[in-house]
Protein chains: 2
Amino acid sequence: MEKRFTANPIITKADLEPSRSDWQIDCVMNPGAFTFDGKIWLLLRVAERPIQKKGKISLPIYTVDGDVHIIEFDENDSSWDTSDPRKFLHDGSTYLSTISHLRLVCSEDGIHFDKPDDIPDILSSQGIYETYGIEDCRVSQIENQYYLTYTQVSELGVGVGMRTTKDWINFVKTDMIFLPHNKDCALFEETINGQYFALNRPSGVGLGGNFIWLSSSPDLYHWGNHHCLMMTREGMWDSERVGAGTSPIKTEDGWLMIYHGADQDSRYCLGAALLDLNNPTKVIARSVKPLMEPEAPYEKEGFFKKVIFTNGHIVQGDRVTVYYGAADEVICGATFSIEEILESILTESLAE
Amino acid sequence: MEKRFTANPIITKADLEPSRSDWQIDCVMNPGAFTFDGKIWLLLRVAERPIQKKGKISLPIYTVDGDVHIIEFDENDSSWDTSDPRKFLHDGSTYLSTISHLRLVCSEDGIHFDKPDDIPDILSSQGIYETYGIEDCRVSQIENQYYLTYTQVSELGVGVGMRTTKDWINFVKTDMIFLPHNKDCALFEETINGQYFALNRPSGVGLGGNFIWLSSSPDLYHWGNHHCLMMTREGMWDSERVGAGTSPIKTEDGWLMIYHGADQDSRYCLGAALLDLNNPTKVIARSVKPLMEPEAPYEKEGFFKKVIFTNGHIVQGDRVTVYYGAADEVICGATFSIEEILESILTESLAE
């Protein structure tokens with residue numbers, strides 16, 4: 001159903017400069033996507049660490065003042081558990097192997113992206129809730145304002161931060177909008193019955209799981225009326241974790257949301273679900289089979305194997321271009337027909 | 001500093017009838033406290049399970065329809081981990097050993113409590129977020145309305161629910177106000193700069209911890225502006241988890257909050273902190289030593305040993321009567337002088 005860009009991967013770490021001369025980029029992934037000034041823009045997640053010395057592993061942490069503290073250890077130091085390339089465990093604590101910032105690139109055709117000419121391209125961590133970086137930003141447009149909802153990571157936890165902008169030069173950073181542990185926050189781009197809505201993904205301790213919840217707000221800053229929208233499904237492709245992509249697409253049949261699901265082997269696929277137009281707490285249909293799964297070489301091999309993760313898409317008529325991170329390392333694109341997605345999930349739901 | 005009631009424990013399971021004839025009460029604990037109709041009231045947490053058969057362990061789960069499903073297993077069944085008496089682990093899932101409801105009792109003197117004459121005394125689980133029970137209710141009074149903020153437990157997670165009442169006969173149940181994983185929600189009983197405030201305790205997965213956060217709201221239903229207020233302190237009595245008691249006490253020096261802290265051995269003590277009157281995100285002082293620790297036999301021995309846990313107090317002039325659950329099994333009381341608490345934490349903070 002999907003058509004991958006023949007140019008995939010469209011952005012890799014070789015295309016970007018590290019933010020500091022003594023650092024290296026390890027991964028470029030999980031872009032937010034939006035249109036602005038007649039162009040298509042991506043807000044990339046760029047994961048960096050100090051240039052690694054032979055036999056050593058080093059990882060960076062921002063201080064509250066914006067300085068960087070480097071932790072270095074011997075690669076054979078058995079007190080560090082480095083089995084998951086994304087995060088290391090040591091002495092009961094969790095450390096990220098890289099630190100992420102956000103990077104703007106723009107394009108005329110949606111395939112070839114360049115650094116913007118006339119605006120700063122880097123958005124970095126600010127304050128105590130972002131000392132381990134900022135990640136996986138969704139960009140939503142509500143009236144004439146852009147809302148950036150992203151993951152804030154620090155030793156205080158993993159929560160959802162927000163910044164707003166109209167011109168991509170001046171930003172207003174708001175306080176944390178979803179408490180830890182939460183991520184994958186996607187705003188609806190219009191109100192329903194006078195309320196704003198957001199998909200989000202709290203994670204449970206003990207009871208509960210990695211489920212998608214739906215919350216509502218009178219003002220986009222204060223959230224309540226929390227409903228569990230979609231659980232993981234045992235034995236299926238989304239058995240271990242699910243999380244929203246970006247803003248749901250309004251269709252005549254309902255709100256179409258694209259989401260990621262991962263199984264016990266941390267294989268990340270994309271699926272879709274349809275929510276009732278007037279009452280988005282109601283799930284009308286949901287992918288039984290994945291919409292798209294890691295099949296291309298750049299999706300199956302890389303920093304973290306077998307991952308397709310999206311938090312940005314561009315809608316043009318019936319066509320949705322899904323931008324995604326592949327194998328947690330590169331940026332790719334694929335196009336879908338919205339009608340085909342709807343038909344497939346509605347048919348699957350009828351067949352169940 | 002504290003004066004325990006000589007009558008402690010003031011309520012035990014022997015004082016109450018189980019909610020069903022084939023069930024037994026295992027614990028009566030963690031009461032909310034309030035004044036109403038000229039009396040002092042407690043809203044107890046009553047933890048029950050089916051009457052246990054010899055050689056078997058059984059535990060109850062409410063269904064969404066309000067029915068009960070019983071899970072029974074052999075006490076020697078090694079596939080069940082029952083080492084923590086509060087929750088059992090089986091096949092990757094967590095089950096509570098008991099299910100809790102809330103129970104009203106009232107008193108003229110604040111020491112001898114009885115079942116109320118003329119109103120229903122049991123508040124039970126309602127809906128899909130409370131199928132494993134409701135727990136540890138704080139009762140706050142804002143203008144002429146009572147706000148019950150309590151822990152909702154289900155397979156969907158552990159979140160904060162709210163019910164409101166004016167007369168303790170008619171209740172309005174709102175949607176979940178804090179997403180999983182969250183508990184220990186204590187409302188401020190008046191607005192500050194036009195906003196409502198709530199202490200709450202999200203728990204981290206990986207990064208983060210069991211810290212007290214402060215959130216604000218325009219309406220008590222939607223919450224945002226989340227700030228991490230108090231972390232755990234390594235090597236101290238509150239090294240593993242902290243959580244608010246009930247509504248902070250307004251004093252000339254600031255908002256006095258009583259909280260619980262637990263260490264690595266799950267020993268629960270009480271402490272206090274003082275928050276700035278106009279900006280409660282600012283912690284002015286905090287107990288270095290616990291305000292009160294498990295010392296009495298009924299605090300050191302019981303369903304879960306060495307626990308003092310409060311979510312209810314009554315303020316009368318300089319005296320605060322703290323009601324608390326002891327050893328997760330019985331209800332006790334102790335009185336403090338507010339001035340003495342303030343003096344002790346301000347002196348400790350100066351000495352640091």
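Naming: A, B, ... by sequence-line order, numbering from 1 per chain.
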For [X], which atoms come within 4.5 Å of any heavy atom of chain B: side chain, backbone, both, or neither?
X	value
A:I177	backbone
A:I128	neither
A:Y221	backbone

As an exercise: rank B:S216, B:G208, B:G209 by heavy-atom pairs under 4.5 Å with chain A and give me the winner. B:G208

I'd like to verify something: which residue of B:Y132, B:F211, B:W223 has the highest number of heavy-atom pairs under 4.5 Å with chain A?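 The option with the most such pairs is B:W223.
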
Can you tell me how far CH2 of B:W213 sits from CE of A:M176, rounded to the nearest 0.5 angstrom?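 These two atoms lie 4.0 Å from each other.
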
Rounded to the nearest 0.5 Å, how far does NE2 of A:H222 lie from CG of B:L220? 11.0 Å

Could you check if a side-chain atom of B:L207 sits within less than 4.5 angstrom of a side-chain atom of A:V153, using non-hydrogen atoms only?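 Side-chain contact under 4.5 Å: yes.
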
Quick check: closest heavy atoms across [X] and [Y], and the distance to 0.1 Å?
X	Y	value
A:H227	B:D175	NE2-OD2, 3.5 Å
A:C228	B:L156	SG-CD2, 3.8 Å
B:P218	A:D219	CG-OD2, 4.5 Å

With a 4.5 angstrom heavy-atom cut-off, is it the side chain or the backbone of [X] that approaches chain A, or both, or neither?
X	result
B:Y129	side chain
B:L179	both
B:Q152	neither
B:L89	neither

Should we count [atom1] of [X] as having more than 12 external heavy atoms under 6.0 Å?
X	atom1	value
B:E234	CD	no
A:E143	CD	no
B:K282	NZ	no

If we define contacts as heavy-atom pairs under 4.5 Å, which of A:P180, A:S154, A:S217, A:P202 has the most with chain B?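 That would be A:P180.
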
